[in-house]
Structure formats: structure tokens, C-alpha cells
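Just so it is clear, the model here is predicted, and its values are computed rather than measured. Values reported hereafter were calculated over all heavy atoms of this structure, with side chains retained and with hydrogens, waters and symmetry mates removed. Here, residue 1 is the first one in the sequence, and each next residue gets the next number.
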Amino acid sequence: MRKLTVSFLLACLFLSCLGAGSNRFGVVNGAQEPSDEQWQLPKSRDFGDSIWKEKRKPSRQQPKRRKYQRVEVASSSAIALKYRKPATSGGASASVKRRKPASPVKPALVWQDVALASSEQVGVTMWRLRKCRGGKKQRCLELNDAQGHTFMYEAVRVTTDAGFQGGDGIQLAIESPIAGFIYVIHQEVYKNDKTGAPKLLYPLYEGGNAVAPGRPLLIPTQVAGEGIKVLKMRNEQGKDLVAERLKIIVARRPLDGIFVQDRPRFIGDADVRLWESQWSGRLELFDLEGGGKETMSLNEWSAMQRGNGVSRDLTTADLAPQKLYLVERKRSDGVLITLDLPYGN
């Protein structure tokens, strides 16, 4: 009888451990971890922009307080999120568009929020360049095209529901609350989510990829006196090309064995898979309310310049990054996020 009691207690302890381990990863009732289509978000998760401003220098001038609102979740930051506008009504919301079920659908599982204490934050702002209008000349940038013509452009923040057209000029600002090094891998995305060979898009020269709190890194890097550089959206594949995919690595130290040159170069699929396995984690994406369509300020432009000797840090008075990526930390030496620049949404 005593042996039977001990066996029963051990079995209960074993089942209890299994349950605790499952809940740690957002799985309930012993089910397998669901795909992203099965997550159900019972409520929106909001942050004030102080989550980012705490990493910048204080300023006496304070802008209007803004909020980050969660717009998407994913089981892994190695996949590209399908951006959607934040929900305007209360109640439960799903992380993807609902499809008409062909058969009875199992109840969705409730998403467990990524814990701040075990996560990394990455700030990303996408800028789309457009010709200056009206009397905003003080915020305009001089851009020279391939034919040698000069135009005045302004950089405008892009929100989560953006779609791009061939010929659009894009700039990407990345900010980290911890000093590190940025690497960007580029892949073309075709129909049926087929992808082209990965290329190391950034950095293009040694030592040019360092990032620090209050000093966002602008890609392509802007060096004083060299004119404006942009990522050009070029849909030369016609309807087969649906997006440009970027994998962004924020590493605490330079990556071993990665050499750079003055142009993007192909890298191995095995390297990309290794980085994904090391640095991808559960992900929540937030968008800064009211930040869309804001033009780049002179302070932001100055903070992202390199080599001009007059660069300044962003302060608490400057607008926070448009997108906040909250990534569950696997290791202490870096994180990886994936984003798509879609054509024609």
C-alpha cells in the first residue's frame, strides 16, 4: 500500500511539471504550441512611450505623450509578420484575418504576453521619401538621381498598414536601448512565400554598423557630404515578386567570420538558419499611435548622420521609434527580427 501511494504521488508530480512547462510557452490544456493563426488576443496591450524614452537623455522640452499599441504577435521572430491596423473596438481580437472554416474550428488558445524582464526591445522606423510640398523646406533633404538631377525630398514615417510601389525610396532607422552592432539580410519574396537567395545588405564597410541608445542607425548609412542614399523598391520580377524581406540582427558584438565589402553579397542559407535558431524568439509588435505621416525632424536627421562631427543624441523630447519589437530573449548576446516591405497593398 505504501509503495502504491508513493507511485501515485510521483505520477501527480510528473503531470504537474508537464503542465507548468506547457504554460511557460503559452500552451494550455496539454495542447501542442499553435500556429500564429490560432492565437487569440483577449485584450490589447498598450505601453506608454516611456518604455523607450527611459533609454534616452532627459530634456526639459516634453512632447505630447503617446502610446504603443500591440498590432501583431508571432511564435517566432524569424517569420515575417503580416502587418494590420490596430483594432479600434474593444473585446477579443485575432492576430490574423479570419478565414471561413471548412470544418468545425477548435477554440483558439490565449496568447501569453512576452515578459519584459526576459525580452529585448528593438525600435524600427521606416521612412518613405516624397517630394517636398508647400512651405516645409526646412525639413527637406537634397537628393540626386542617377541622371544628375537634384530634387528636394522629405522623409515621412510609414505605419503598419503601408504598401510600397516600384520606385519608392525607403530609409530604415534602427534603435537599440543597448549598444550593439546591426546586420541586415535581404531576400526577395515571391508568390507562395518562395524566397530568393539571402544577401548581406548591411553593413557595407567595416565599423559602420554600431548602434547605441539615442543614436539610431539609418540604413543606408548617411555620411556627411555624400548625398542622400535610399533603399530603392525595384519590382523587376513583375507580379511574381510580392515583397522585400529584411532580417535584422542586433548583436552585442561583431559576428565572427562575417566580412563586408562595398556591395551586397550572397551568404549561405545555413548561416541564416543558425542565426535564426540562436536569436529568434516569441515576438510582439507595437505601433506608435499618432506617429504615422510625421516627417523626419532635423534633430532625427542629425542623430543619424555619421562622420560630420556635429551629430547629437536623441532625447526624451524627440519622437520614439514608430515600431517597437518585443522579442523573447533566447541568449544574452543578440536578437533577430524579420519584416517585409510589401508591394502594392
For a salt bridge (charged side-chain N to carboxylate O under 4.0 Å, His left out) check, start with the C-alpha distance between E300 and R157, then their side-chain angles and the critical distance, and finish with the verdict.
CA-CA 12 Å; E300 288 173 313; R157 286 185 176 226; 2.9 Å; yes

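- Comment: R245 engages D193 in a salt bridge, judged by a side-chain N to carboxylate O separation of less than 4.0 angstrom.
- Distance alone, capped at 3.5 Å, places no donor-acceptor pair between the R56 side chain and the P177 backbone.
- In this structure the side chain of S280 reaches within 4.5 angstrom of the side chain of K330, judged on heavy atoms.
- In summary, the side chains of T338 and K247 do present a donor paired with an acceptor at a separation below 3.5 Å, with no hydrogens or angles considered.
- Counting all heavy atoms, side chain and backbone alike, G214 lies closest to A303 at O-CB, 4.3 Å.
- Using modelled atom types, one side-chain atom of Q187 and one backbone atom of G196 make a donor-acceptor pair closer than 3.5 Å.
- Note: the hydrophobic cluster containing F266 does not contain L255 (ILVMFWY, side chain heavy atoms under 4.5 Å, direct or indirect links).
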Please lay out, stage by stage, how E244 and E188 fare under the test side-chain contact (heavy atoms from CB on, under 4.5 Å).
CA-CA 5 Å; E244 308 286 353; E188 293 181 336; 3.8 Å; yes

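- Residues L217 and L172 form no side-chain contact, since every pair of their non-hydrogen atoms from C-beta on lies 4.5 Å or further apart.
- Among I174, V250, V327, L81, the one residue that satisfies the side chain to side chain contact (heavy atoms under 4.5 Å, CB included) test with I337 is V327.
- Looking at N209, its side chain does come within 3.5 Å of a backbone N or O of I182 through a donor-acceptor pair.
- The backbone N or O of L336 sits less than 3.5 Å from a side-chain atom of S77, completing a donor-acceptor pair.
- Judged by distance alone, the side chain of S176 and the main-chain N or O of A179 form no donor-acceptor pair under 3.5 Å.
- Checked by atom type and distance alone, the side chain of R66 pairs as donor or acceptor with a backbone atom of G290 at under 3.5 Å.
- A distance-only check finds no donor-acceptor pair linking the side chain of S59 to the backbone of T315 [under 3.5 Å].
- More than 12 non-hydrogen atoms from other residues, nucleotides or ligands lie less than 6.0 angstrom from CZ of R65.
- Rounded to the nearest 0.5 Å, atoms OG (S75) and CD (E328) are 10.5 Å apart.
- In summary, R130 and D168 do not engage in a salt bridge, as defined by a charged side-chain N under 4.0 Å from a carboxylate O.
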Go through it in stages, so that I can follow the logic: the residues are D333 and W279, the test is side-chain contact (heavy atoms from CB on, under 4.5 Å), and I'd like the CA-CA distance, side-chain angles, deciding distance and then a yes or no.
CA-CA 8 Å; D333 57 351; W279 293 318; 2.9 Å; yes

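- Although no hydrogens or angles enter the test, the distance criterion places no donor-acceptor pair under 3.5 Å between the side chain of S302 and the main chain of N299.
- One finds the CG atom of D49 at 10.5 Å from the CG atom of L324 (value rounded to the nearest 0.5 Å).
- Taking hydrophobic clusters as Ile, Leu, Val, Met, Phe, Trp and Tyr residues chained together by side-chain heavy-atom distances below 4.5 Å, W127 does not share a cluster with V156.
- No donor-acceptor distance shorter than 3.5 angstrom exists from the side chain of Y153 to the backbone of C132, with no hydrogens or angles considered.
- Expressed to the nearest 0.5 Å, how far OG1 of T125 lies from CD of Q171 amounts to 11.5 Å.
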Give the C-alpha distance, both sets of side-chain angles, the deciding distance and a yes or no for side-chain contact (heavy atoms from CB on, under 4.5 Å) between I249 and F181.
CA-CA 8 Å; I249 298 172; F181 299 87; over 6 Å; no

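- Proximity of I185 to L246: side-chain heavy atoms (C-beta onward) are nowhere separated by under 4.5 Å.
- Side-chain contact check for F164 versus P342: some heavy-atom pair is nearer than 4.5 Å.
- When all heavy atoms of G291 and L319 are compared, the pair lying nearest together is CA-CD2, 4.5 Å.
- How far CH2 of W52 is from CG of L314: 11.0 Å, rounded to the nearest 0.5 Å.
- A donor-acceptor contact closer than 3.5 angstrom links the side chains of E284 and W111.
- When hydrophobic clusters are built by joining Ile, Leu, Val, Met, Phe, Trp and Tyr residues whose side-chain heavy atoms come closer than 4.5 Å, directly or via intermediates, L339 is grouped together with M233.
- The shortest side-chain heavy-atom distance between V124 and V122 falls under the 4.5 Å cut-off.
- Residues T195 and Y190 have side chains not in contact (no heavy-atom distance under 4.5 Å, counting atoms from C-beta outward).
- Taking both residues in full, the closest heavy atoms of P213 and E175 are given as C-OE2, 4.5 Å, listed atom of the first, atom of the second, then distance.
- The CG atom of D287 sits 7.0 Å away from the CG atom of L285 when rounded to the nearest 0.5 Å.
- With contacts defined as side-chain heavy-atom distances shorter than 4.5 Å, the pair K57/T316 does not qualify.
- Note: F47 and F286 meet the aromatic proximity criterion, with ring centroids under 6.0 Å apart.
- A salt bridge links E120 with R329: the closest approach of a Lys/Arg side-chain nitrogen to an acidic carboxylate oxygen falls below 4.0 angstrom.
- Salt bridge annotation for K323-E72: absent, with no cationic side-chain nitrogen under 4.0 angstrom from a carboxylate oxygen.
- A salt bridge links D313 with R215: the closest approach of a Lys/Arg side-chain nitrogen to an acidic carboxylate oxygen falls below 4.0 angstrom.
- In this structure, the side chains of R70 and D113 come closer than 4.5 Å at one or more pairs of heavy atoms.
- Counting only distance, with no hydrogens or angles, the side chain of E289 and the backbone of Y68 share no donor-acceptor pair below 3.5 Å.
- Note: L283 CG to S76 OG = 8.5 Å, rounded to the nearest 0.5 Å.
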